[in-house]
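I have placed the structure first, in the form of C-alpha cells, so that the comments after it can refer back to it.
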Amino acid sequence: MSEAEQKMSEEQMMAKAYDPAEVEKKWYAAWESRGYFHAGDAPVEGKTPYTIVIPPPNVTGQLTMGHVLNNTLQDILIRFEKLRGRDCCWLPGTDHAGIATQTKVEAALRKEENLTRYDLGRERFLERVWAWKEKYGGKIIRQLRTLGCSCDWERERFTMDAGLSEAVQECFIRLYNRGLIYKGHRIINWCPKSRTALSDEEVIYKEERGHLWHFRYPYADGSGYVVVATTRPETMMGDTAVAVNPTDERYTDKVGKKLILPIVGREIELVADDYVEKDFGTGAVKITPAHDPNDYELGLRHGLEVINIMNDDGTMNELAGAEFAGMDRYACRKAVVAKMEELGFLDHIEDYTHQVGYSERGDVPVEPRLSDQWFVRMGPLAEPALRAVEEGRIRFYPERWVKTYRHWMENIKDWCISRQLWWGHRIPAYTCAECGELVVSKTAPSACPKCGCARMVQEEDVLDTWFSSWLWPFSTFGWPQDTEALRKFYPTQSLVTGPDIIFFWVARMIMAGLEFMGDIPFRDVYFTSIIRDDKGRKMSKSLNNSPDPLDVIAEYGADALRFTIIYIAPIGQDIKYANKMCEIGRNFANKIWNVVRFRQSKGATSADWATLDGLTAADLRPDDQWIIASLNDTVREATEELASFRFNDVSKTLYDFIWNKFCDWYLESCKPVFGGSESEREATVLRVFDYCLATFLRLLHPVMPFVTDELYHQMGFCAEDDSIMRASWPVCLSAETLAALGADAQAEALCDARNTLISNVRAVRSSYNIPNSRALEMVIAPSDAASEAFLRRDVTTLQSFLNCSSLEIRSGSKPEGPCATAVSDMATAIIPLAGIIDFAAERARLGKQEAELTKYIDSVARKLSNEKFVSKAPAAVVEAERQKQAEAEQKLARVREQLVAFAEG
RNA sequence: GGGCGCCUAGCUCAGUUGGUCAGAGCAUUUGGUUUACACCCAAAAGGUCGUGGGUUCGAGCCCCCCGGCGCCCACCA
C-alpha cells in the first residue's frame, strides 16, 4: 500500500474515539428539518397518539441540571413510544412567570437606568418586559435542542400567547359564573418587595432564631399591668386588644378591663377567646387585627377595630405614629423595643426560634396584609381531582406522592389568584365607577348594565402565573376552541415533573382538566429526583454549585450526560451529581462506537441483519445462541422497564448487556471466527453480530439518540436520508423461534458455566502473573458428560478464550507433574507450569476453596436437616437446595482430588 | 405537632413480590501493547446490609423500638 493509499484508508476509517460534537449537531439539524418531531393535527391511521406537554420553564430561565433530568426523561418516553409505533407529540413552551420575570426586568431597569417600573408606567414597562422576553426568552428552548429533545417545535407555546390568554379569560369567566371565583376582603400573604399578594404556596417557611419580647401593658385604672409576649413588636401600634383564654384563672377577673397601649396611649380591652393558649408565654397575647390572620379572625369575633399601620413596601405609615412613620419594619422593631425599654414597659426578652414565612421569589419575609383580592373556591374542584388519583385513573410514580397529594387536597384552602403586578393576564373584570357594579367579561363593556353610565374601569390586578399554567395541557391545543388537535392529543399520557410543584401545578392541572375538559389531563405522573451537588447540597445559584449543562455537553457530549443522569438517578431519591460522573456515559458511548469500528474492519454489513429467519441451531455456535438468548432477555427487560418508568434500571440493563455480555464475551468469541478460514461460519456469525448491533442500538436510542443514529447509519441499517428514529422497537422472539435456534435458558446456563471456567483459569494466570497473552498448554477435565459434550462443541472458541497452545479435553484427567488447577462447576482445568508453579501457593489456594465449599455445604446441610424447613418450605425450594448440595459436594470432591495430587506431588 | 424518605464495600449507589442477595460503577492492588476501545482488557482485595427486638423453616427485604440525616405540611403569639 502506498503512503497515499494508506492515508486515504485512514481517513475512511472511523476515528479511534467517539467525538460527539459534530455528530450531535448534524443529526439534530437533520431530525428537525425533516420534520421527525412533528405530529399533525389529524389522527394517523393505525397509530395511537402519545402526548406529553413539557412543564414550561420560566421564559427567562436557563437550563439547569434539573431541567436536564426532567427533559431527558420526557425525551426517552417520546422516542421510546415513537419507536413503538405511536403518533408522538411532545409539546414545548415557556411560562411567562409573572413575579420572577417582572422582578428580573425591574432589577435590570434599576441597575442600568436607575428607574423603577413606576417611573415608566404600566404600558411602557410592559413593552420593556416583552422586549426582554424576545431577547432572552429563546435561550432555554435552544438549550433543549442541544440536549437532543425531540419536541414538536411547531407547536411551541407561551402562556401569554393570544390563544392561551383567551383560555385564561374563558376559565376565569366560567368559574366566576359558577360562583367559584369571588372577590374578598381578607388577610393574605403580601410580598413587600414585589408589592403583591401571594398564594399560600408561594410562602416558604424558614426557621429563624429571634426573640420573644415581653411587654407590659398597664391597666387603665392603674392596677398594675399585664405582660404580653410577641415576636413582632413593630406591630404594637396596631394593637386593638389583648386576649386571654376564658378558662385562664390568672385573668378571670381581669377580662373586660381596659389597658393603655404604651407609646400610643390608646385604650384597648382585655378580651377572652378560646384561640389563646394558656401555656404559651404569659397566656396573654396582643391582638393586631390588621397584621395577623388569627388576630383578624379574633377581631371579627369581638368587633375590634382594624388599624393598618404599614405601607405596601413594608415601611410604617403615619398610623404607626409620627416617630415611626416611614421607617422600615425591622428598623421600627428596634425603635419600638428601645422606646418600650426607655418607657419602662420592657419586661424581659427571651431567645426564641420560630418559623418565618418568606416570599418565594422576593426572598423577604412576607407580611400578612388585609386587602381586597380575588379567590378561587377550591373545595368543589378538589373533590373530583382527589377521586381521580384515589381511584387510579391517574397514577403517580413513585406512588407515595399520592399521600402528599391527598393531604393537600383534603385540607385545601381557597386560592388567592390576584397579583398586584403588571406582567401577566389582566383580570377580565370591570367595575362601574358610578354605581360599583361588577362585570366579568372578555371585552370592556361599553356601558354599565346597571346604571348605564360609560365609566367601566378594568381591574388593575393580573392573575397568578399558575392560573394560566393549570390550563396548559389543553390551552396549548386550542381550548376553548374545539380543535382537531385538542380532540387528538387530550388527554395527554405522561407528565414528568419535580415533586416541588405537586401543589402549584400538578394538582391544579388535574382540577382544571376535570373541570373544563371533563377528563383527566394525563394518565401517569412521574416525579423526578432532586439533583444535589456531590456534598448533598441543593444546586443553587447562590452556592454556585450548579454546573452549566451546556459546558458539560461540550466536554462529554449530550448522550453521555443523558445516559449518566439516568444511570445515577434512582426513582424518587435525591441524586448527588458531579461532572466527573459523566465519564460513565462518555466511556459507554465510546465503547459502542468502537464496537462498530471493530465491526467495520470485518467487512460489509450482512444483507439479512434485520432478522434471524432461516437460521437453525445447527448453524450457530454456543456463543451465538448465548448472545441471542441474552439479547432477547434484554429486549424484554428494557421494554418492561421503560414502560414502567424504571429509567435507572433500563440504563443498567443496557449497559450490562452491551458492555459485560456483548463486548466482553460475545465480541471476543467472534475474533477467531473472523480471522479463520470458515467463510460460511463467518457469514453466520457476522449476521448474528449485526442483528445484535441493530437491536441494541434501537434499544439504546431513546437514552442516547445521537450516537445510536450515527452508528445506525455507519452500519447502513438505514438509508442516509432516513433515521433510527423511524425504525421500530425490537420485539422478543417467540419461545418456538428461540428453541429452534437453540437459544434457550439451558444454552445460556451452559455458556455461563463455561465463562466461569474461563474466568477461573484467568484467575490462576493472574495469581502467577502470567499474562493472558502467553499461550499455555492445558488439559480440561469436564465434570460430567453433558459438560464434556458442550465443551467439545466449539473447541476453537474455548481455546481462543483460554489462549492455549494445546488443549486436551479428557474427563478424569489428573495433574501430572507441576501443574496449577482451576476447579469450577463445569470442569477442572489443569495447567502445566513447570518452573513457575509454587506448590505451597497452589495448596493454599485449593485449601481456601475447600474451606469455602465446606462452609457452604454445611450451611445447606443444616437447612436440609431442619425438619421444619423441609416440611414448610415449598418443594421447589427444597429441591433447589438439594441440587446445590449435590453440586457443591461434587465440586468439593474434585478440589480434594487436586489437593491429594499435590500432596503426592 | 403531623407526614414522608434515607442510613448496604473507602466513595456514589443497585437490590421488583422474603429462599447464594451480599451486587455494580468509581477508587485501591496486581498483571497486560491478545483481531475495536488506556474513554481499554484480565484478576484481586473490600461489607456481621445504622442499633436492639419481633414474625418466619428462612429477613437488607415484613413488623415494632431507638439513633442519625434530609424533605414536606401545620395559624401557639
Side-chain angles (χ1 to χ4, degrees), chain A residues 14 16-18 205 212 228-232 243 275-288 292-295 297 352 354-355 368 398 400-401 403-404 407-408 411 499-500 502-503 530 532 534 536 538 556 560 567-568 570 572-578 580-581 583-602 640 644 646 648-649 652 655-656 660 663-664 667-668 670-672 674-675 759 762-775 800 803 856 859-860 863 866-874 876-878 880-881 884:
Chain A
M14 293 169 67
K16 219 171 165 181
Y18 173 55
Y205 289 91
L212 200 51
V228 297
T230 180
T231 54
R232 305 211 52 198
Y275 157 70
V276 182
E277 299 281 335
K278 279 192 286 191
D279 301 331
F280 188 86
T282 58
V285 52
K286 65 192 246 345
I287 300 298
T288 323
D292 182 282
N294 298 308
D295 292 6
E297 291 300 319
Y352 186 61
H354 62 143
Q355 302 276 97
R400 66 184 148 83
W401 290 107
K403 214 164 182 176
T404 306
H407 184 258
W408 191 70
N411 297 283
D500 50 331
I502 187 168
F503 308 136
I530 293 170
R532 300 175 178 281
D534 53 353
K538 205 165 179 170
Y556 296 96
Y567 187 84
I568 64 177
Q573 281 317 125
D574 290 358
I575 63 183
K576 291 183 188 173
Y577 171 86
K580 193 174 182 299
M581 293 172 178
E583 288 177 5
I584 301 167
R586 181 199 60 186
N587 296 353
F588 189 41
N590 188 242
K591 189 77 179 175
I592 300 157
W593 174 265
N594 273 286
V595 170
V596 172
R597 190 163 171 264
F598 170 77
R599 174 62 187 84
Q600 300 215 320
S601 71
K602 306 301 173 197
E640 283 170 6
S644 53
R646 283 150 58 202
N648 184 238
D649 291 340
K652 292 187 160 72
Y655 186 94
D656 181 59
N660 303 125
C663 292
D664 288 351
L667 186 149
E668 292 301 328
C670 295
K671 285 180 177 175
F674 293 161
S759 291
R762 286 169 174 172
V764 170
R765 280 179 179 277
S766 189
S767 72
Y768 286 105
N769 281 348
I770 303 165
N772 290 329
S773 55
R774 184 172 145 194
S800 166
N803 190 23
Y856 178 62
S859 79
V860 176
K863 232 187 243 185
N866 182 342
E867 269 180 44
K868 286 179 178 170
F869 171 73
V870 179
S871 62
K872 292 195 178 180
V877 173
V878 178
E881 290 296 318
K884 285 180 207 164

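Not measured: the values here are computed from a predicted model. Only heavy atoms go into these numbers, but all of them, side chains included; no hydrogens, no water, no symmetry mates. Protein chains get the first letters and strands the later ones, always in sequence-line order, with residue 1 at the start of each.
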Separation of [N] [atom2] from [X] [atom1] (nearest whole Å):
X: A/Ile584; N: B/C37; atom1: CD1; atom2: C1'; value: 18 Å
X: A/Ile568; N: B/C11; atom1: CD1; atom2: P; value: 18 Å
X: A/Tyr567; N: B/G23; atom1: OH; atom2: C1'; value: 11 Å
X: A/Arg774; N: B/U34; atom1: CZ; atom2: P; value: 16 Å
X: A/Ile530; N: B/G5; atom1: CD1; atom2: P; value: 15 Å
X: A/Tyr655; N: B/C37; atom1: OH; atom2: P; value: 18 Å
X: A/Trp593; N: B/C40; atom1: CH2; atom2: P; value: 16 Å
X: A/Trp401; N: B/C71; atom1: CH2; atom2: P; value: 12 Å

Heavy atoms only, 4.0 Å cut-off, all strands: where does [X] land among base, sugar-phosphate and nothing?
X: A/Cys663; result: base
X: A/Ser759; result: sugar-phosphate
X: A/Lys403; result: sugar-phosphate
X: A/Ala763; result: sugar-phosphate
X: A/Arg597; result: sugar-phosphate
X: A/Val276; result: base
X: A/Pro672; result: base
X: A/Tyr18; result: nothing
X: A/Glu297; result: nothing
X: A/Gly585; result: nothing

Original post:
Considering heavy-atom distances to RNA chain B, does A/Lys868 or A/Glu881 have its closest nucleotide positioned more toward the 5' end?
Top reply: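 On the 5' side of the pair lies A/Glu881.
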**OP:** Report the residue (A/Asn772 or A/Lys671) whose heavy-atom-nearest nucleotide on RNA chain B is the more 5′ of the two.
**Re:**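 Of the two residues, A/Lys671 wins.
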Respond yes when some side-chain nitrogen or oxygen of [X] is under 4.0 Å from OP1 or OP2 of [N], and no when none is.
X: A/Asn587; N: B/C40; answer: yes
X: A/Arg400; N: B/C4; answer: no
X: A/Ser773; N: B/U33; answer: no
X: A/Tyr352; N: B/C76; answer: no

Any N/O donor-acceptor pair, [X] side-chain to [N] base, under 3.5 Å:
X: A/Glu668; N: B/A42; answer: no
X: A/Lys591; N: B/C37; answer: yes
X: A/Lys602; N: B/U35; answer: yes

Going by purine N1 to pyrimidine N3 plus the second Watson-Crick contact, or the G-U wobble pair, all under 3.5 Å, which nucleotide sits opposite [N]?
N: B/A36; value: none
N: B/G60; value: none
N: B/G18; value: none
N: B/C6; value: B/G68
N: B/C49; value: none

Original post:
Closest to the A/Pro771 side chain: B/G25, B/G32, B/C57?
Top reply: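 Of B/G25, B/G32, B/C57, B/G32 is nearest to the side chain of A/Pro771.
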**OP:** Could you work out which one of B/A42, B/U56, B/A77 sits closest to the side chain of A/Lys872?
**Re:**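 The listed nucleotide nearest to A/Lys872's side chain is B/U56.
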Original post:
Say you pick atom P in B/G23 and the same atom in B/G46; how far apart are they, in whole Å?
Top reply: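 Those two atoms are separated by 12 Å.
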Subject >> Gap in Å between the two P atoms, one belonging to B/C61 and one to B/G50, rounded >> reply: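 Rounded to whole Å, the distance is 8 Å.
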Original post:
For atom CG of A/Asp279, is the number of surrounding heavy atoms from other residues, nucleotides or ligands below 6.0 Å larger than 12?
Top reply: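 Atom CG in A/Asp279 is not crowded, with 12 or fewer foreign heavy atoms closer than 6.0 Å.
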Original post:
How should the glycosidic conformation of B/G25 be described, syn or anti, under the criterion that syn lies within 90° of 0?
Top reply: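 Because its glycosidic torsion lies more than 90° from 0, B/G25 adopts the anti conformation.
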Original post:
Of all heavy-atom pairs between A/Leu212 and A/Ala229, which one has the smallest distance, and what is that distance?
Top reply: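 Where A/Leu212 meets A/Ala229 most closely, the heavy atoms are CG-CB, 4.0 Å.
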